[in-house]
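Structure record follows, encoded as structure tokens.
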Amino acid sequence: MSISYWRTRDRYYRIIGSICENCKSEFFPPVYTCSKCNSTDKSKIKDKEMPNQGIIISYTVLYEPMLGFEDEIPMQIALIQLNNGVRLVSQIVDCKIDDIAIGKNVKRVFRKIKSESKSGQIWYGYKFRLC
Amino acid sequence: MKTKTKVSITGYAGYIPKLRLPTSEIAQIWKGGGSGPNKAKSVANFDEDITTMSVEAARHAIIMANNPDIGAVFVGSESKPYAVKPTSTIVAQALGIHKTLAADFEFACKAGTEAMQVITGLIGSGMINNGIALGVDTAQGRPGDSLEYTASSGAAAFVLSSENNHGLAYVEASTSFVSDTGDFWRRQGESYPRHLSRFTGDPAYFFHVESSVRTLLEEINAKPTDFTYAVFHQPNPKFPLEVAKRLGFTKEQLEVGLLNPEIGNPYSASSPLGLIATLDVAKPGDKILLASFGSGAGSDAFSIIVEDNILNKRKNIVPLRQQIDDNIEINYSTYTKLRGILNK
Ligand SMILES: [Zn+2]
């Protein structure tokens, strides 16, 4: 596990983002400055676990994946809007190729992202599946 | 064994991966047709392992238990992704739990009930108020071996709590019976287990399960007819029915919890998932027998009594039946790719 992955593991494991308690805006990835009200007050910008459900805004199916993900093709990648309005990009799993569609409801699952090698550490994180 | 104070189940959840391999697929390759005694088995996807399945089951069980402070996270499994490095700490981190005991248990197919028993003791002694016990496996079977027909994947999680947290059922008593019996084993560094075929029956499964259950019945002065339901470890569809008959339980008592025909044997999750399917339909006052079996060998038996609160608690959960029915069938070549047998 790389140091940066270890440091941000809650972000990958639980989708920990931020909430600005000044204007109630929520963000993922976490922020230091609120882009809505421009607050930089550290006591007002807190960690917050993002909702685990959302809908597919857009998607693509990859047949030429990034290095290390060759065994996962066809790989379904979606832009998801969570129930609090925050958007993120994530892999959709356990889904037949014809079943993915814009507007479908999805929920967060905890999955293996990749492993460094057969003897290396395993990286875990969030993905989504249809619900 | 009984605790001095009451220990309850306050939340439970099962996780069964979506993929199913029909056993006719295996038979087609190795025996030229037919199917196994079970119809299909659940298979972990390429990105699922016992850690991911544990997190999914645990998350839902904790919600059902109303998010109590968890003082123990125990993961029972024999398919750990790391030989050295606990699974339980990854699960705890993913649940946001840190002030907790965390440990991995291994005892072939009975590591899950063992975790339940230890947590029951920790709560009963007053050391902790709530703990989560997991039975979870991605079981391995050598291609062509009889185990390949049944070795499957799944997870079962139970939140156990003290009297402060009103339960949906409580543990009346439990027992354990062990002996050195080498019916099934896997040496360090080996990918697949070995077993002594017929030896897995009488001297192993039947002897240990019968012993733990008879001890339990004696301890609580009960007879098989006192139980509404009974759940036995399910290495195949036949063994649990046979042991039930030998002990005086009926087929009707087993039916709801007998999942092997549809999902195979997810080892440490096998009898715990059977208990979950049973809790999904049980009524207040019902008495449930749970008996696990782990090769090597041992059996844990529990008497669990369902309480009124189960009706409320069940309102917001998805029954296990839905996960069993909502599946995607795969063929043998996809299966070998997922299990890392077929590589580019
Ligand atoms: Zn703001």
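In what follows, chains are A, B, ... by sequence order, proteins preceding strands, each numbered from 1. The figures that follow rest on heavy atoms only: side chains count, while hydrogens, waters and symmetry mates do not.
The part of A:Lys127 that comes within reach of chain B is its side chain, from C-beta onward, which places non-hydrogen atoms under 4.5 angstrom from that chain. Both the backbone and the side chain of A:Arg108 come within less than 4.5 Å of a heavy atom in chain B. The part of A:Gln91 that comes within reach of chain B is its side chain, from C-beta onward, which places non-hydrogen atoms under 4.5 angstrom from that chain.
Counting non-hydrogen atoms of other residues, nucleotides and ligands closer than 6.0 Å to CG of A:Asn83 gives a total above 12.
Taking each heavy atom of B:Phe46 and A:Glu72 in turn, the nearest pair found is CE1-CD, 3.0 Å.
Distance check: A:Arg14 CZ to B:Leu95 CG gives 8.5 Å after rounding to the nearest 0.5 Å. One finds the CZ atom of B:Arg59 at 9.5 Å from the CZ atom of A:Phe110 (value rounded to the nearest 0.5 Å). How far NZ of A:Lys96 is from NZ of B:Lys18: 9.0 Å, rounded to the nearest 0.5 Å.
A donor-acceptor contact shorter than 3.5 Å is absent between the side chain of B:Gln93 and the backbone of A:Asp10.
Inter-residue side-chain proximity for A:Val93 and B:Asp47 is flagged as met; some heavy-atom pair is nearer than 4.5 Å.
Between A:Arg111 and B:Glu48 a salt bridge is recorded (basic side-chain N to carboxylate O distance below 4.0 Å).
Side-chain contact check for B:Thr52 and A:Tyr124: no donor-acceptor pair (N or O, by modelled atom type) lies under 3.5 Å.
Applying a 4.5 Å heavy-atom cutoff, the residues of residues 314-341 of chain B that approach chain A are B:Ile328, B:Lys337.
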